[in-house]
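Residue numbers start from 1 in every chain, and the chains themselves are labelled A, B, ... in the order their sequence lines are given, proteins ahead of strands.
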Amino acid sequence: MKTQKPIVHIRGLRKSFGDHVVLHGIDFDVQPSQVVVIIGPSGSGKSTFLRCCNGLEQPDSGRVEICGHTLSDGGQMLADQALNHLREQVGMVFQSFNLFPHLSVIDNITVGPRKVRGVSGPQAEAEAMVLLDKVGLVQKAHAMPASLSGGQKQRVAIARALAMQPQVMLFDEPTSALDPELVGEVLQVMKLLASEGMTMMVVTHEMDFAREVADVVVVMDGGALIEAGPPDIIFTNPKQARTRDFLRAILTRV
Amino acid sequence: MELDFSPVFSGWRNLIQGASVTVEITAMALVLGCVMGLLVGIGRLKPERRVIYALCTSYVAVIRGTPLLVQLFLLFFGLPQFDILLPAFVCGVIGLGIYSGAYVSEIVRGSIQSIDRGQMEAARSVGMSYGTAMRTIILPQALVRMIPPLGNEFIALIKNSALVSLLTIHDVMHEGQKIISVTYRSLEVYLAIAAIYFVLTGLTTLALRRIEQRLRAGGMVQ
């Protein structure tokens, strides 16, 4: 285990929607360059946990620190401007891609750098082409999102997030909306990022990906983090009965 | 009784003159209505911003809840009591614009709220401020959805503009009535006026269809 200062530092994170408590006080650290895969049954709070890490959800209490900044503390969010600035450093990839349908692929990628980082048009486009090359979609630079397959859309979404040069990437079930044959191309890009040392937090049901790429697998259930450890331990010898039940259910599905 | 359209033919210059006033006043009211509608529609997006929300909501309630004719008369006959004497044409533009703005604001609000929440989240997650996300991501998409209902609103505005003839504005309605007052040919002249409004609204419909097709071709609409 590395002993650097954690890049994500979470203590006592709580969140509820109305009467429904979604997160019951979560403590968790992510070290730089770590790949953390978060698994657990649906409704266990995985997505909400991830969304609290870039301020898309406002925690009720607890402390979230990212990249050395306090994102939220005791239900208080960072001020708007600082929050926008911090979000540049935390990329997010959504289950439903959320590409901007009125912009071409390359404009989807350059709009952030141009409008937020103030990068010039030509430079942003040059950077975008490098990213498109990385995700294998150079030939689609001027296509509209509607003409892409789901896998291609998600790879563009990853390139869009990378264009802000983030220090941490959050993936919220990035392959759950994809046809099975398109899952591989997206996971491949994510593996490439992991091998380059990107810090990643991934909510997924792709257990092979978790086994192969994760440094830490986190199991959530009922809004709590019930177990965390290296994948070979979690998958072969989990301590918690709930983890065993969940893994049995997901690994034996037909 | 026989129809006699000769007063319409001999007065066609005046009717065309009036029609151009109708177009002018409607176009200016349209611009005012769109600006008001955009601001008020955005002002009603966030109830947490209490003062702005309350102001915008009351505006919509009052304007939609009272007759346009009463609003026009308040501007033209009511304001002079405060020594505010606006020319009839200005009253017409302001009255129609404010009235239309209330309806446009609901179109704006509805279109913005119909855009998937994920679009705003994606924009914010690359670090955009709320304003930047609204301008560059949400509004361009919402605009496309606004066009069909805005078309309805524009057409309603053209027809509603007939009321400004009661403010001594020489629009097509007013010019027609002048012809009638001399010739007593009500049926023929009102038919001619109806035809002119029909042409104006028809042209508007065609223009909006063109714009929508162009946006579609540009890939703005799926």
Side-chain angles (χ1 to χ4, degrees), chain A residues 47 50-51 53-57 79-105 107-118 142-147 153 156-157 159-166 168-172 177, chain B residues 38 41-43 45-53 107-108 110-150 208 210-222:
Chain A
S47 286
L50 204 64
R51 290 160 61 86
C53 294
N54 76 341
L56 282 180
E57 299 294 352
D80 252 4
Q81 224 167 354
L83 178 60
N84 295 339
H85 193 62
L86 184 54
R87 280 188 176 130
E88 295 173 41
Q89 300 171 52
V90 185
M92 177 102 182
V93 174
F94 300 86
Q95 178 177 354
S96 49
F97 328 127
N98 296 347
L99 289 184
F100 307 132
H102 61 302
L103 300 178
S104 67
V105 164
D107 289 343
N108 261 278
I109 300 172
T110 58
V111 68
R114 281 190 293 115
K115 299 285 176 188
V116 180
R117 277 170 47 217
H142 298 287
M144 294 307 282
S147 69
K153 282 182 191 166
V156 172
R160 174 178 69 182
L162 290 174
M164 298 307 291
Q165 304 175 344
V168 181
M169 285 282 283
L170 310 176
F171 294 84
D172 188 4
Chain B
L38 189 64
I42 291 175
L45 287 175
K46 287 193 166 179
E48 325 61 286
R49 288 197 224 135
R50 293 230 181 100
V51 178
I52 295 176
Y53 181 80
I107 294 172
V108 168
S111 310
I112 290 175
Q113 286 176 338
S114 78
I115 302 295
D116 184 71
R117 215 165 61 111
Q119 291 291 308
M120 182 53 99
E121 291 184 348
R124 298 306 297 272
S125 76
V126 295
M128 285 188 201
S129 66
Y130 178 81
T132 305
M134 192 50 93
R135 275 194 308 277
T136 57
I137 304 302
I138 307 298
L139 277 179
Q141 295 181 59
L143 202 63
V144 181
R145 297 189 188 179
M146 288 177 208
I147 288 173
L150 273 184
L208 282 157
R210 270 278 174 78
I211 292 173
E212 208 182 338
Q213 275 166 355
R214 192 162 299 174
L215 290 173
R216 227 175 263 280
M220 294 273 287
V221 192
Q222 275 82 53

Validation row: B:Val126, A:Met92 side chains within 4.5 angstrom (heavy atoms): no
First locate atom NZ of A:Lys115, then atom CZ of B:Arg135, and finally report the distance between them rounded to the nearest 0.5 Å. 7.5 Å
Give, as side chain, backbone, both or neither, the part of A:Arg117 having an atom under 4.5 angstrom from any heavy atom of chain B. neither
Measure A:Val116 against the heavy atoms of chain B and call it side chain, backbone, both or neither at under 4.5 Å. side chain
Evaluate the side chain to side chain contact (heavy atoms under 4.5 Å, CB included) criterion for residues A:His102 and B:Ile137: first the C-alpha distance (whole Å), next the side-chain angles of each, then the deciding distance (0.1 Å), finally the verdict. CA-CA 8 Å; A:His102 61 302; B:Ile137 304 302; 4.3 Å; yes
Tell me the closest heavy-atom pair linking B:Arg124 and A:Arg87, and the distance in Å. O-CD, 3.0 Å
So, the part of B:Thr132 with a heavy atom under 4.5 Å from chain A: the answer is side chain
Taking A:Asn84, A:Leu86, A:Asn98 one by one, which has the highest count of heavy-atom pairs under 4.5 Å against chain B? A:Asn84
Would you mind reporting whether B:Pro140 and A:Phe100 have side-chain heavy atoms less than 4.5 Å apart? no
So for atom CD, which belongs to A:Gln81, do other residues, nucleotides or ligands contribute more than 12 heavy atoms lying within a distance under 6.0 Å? no
Between B:Ser125 and A:Met164, is any pair of side-chain heavy atoms under 4.5 Å apart? no
Is A:Leu103 in contact with chain B via its backbone, its side chain, both, or neither, using a 4.5 Å heavy-atom distance? side chain
Is the backbone N or O of B:Met128 less than 3.5 Å from a side-chain atom of A:Glu88, with the two atoms forming a donor-acceptor pair by type? no
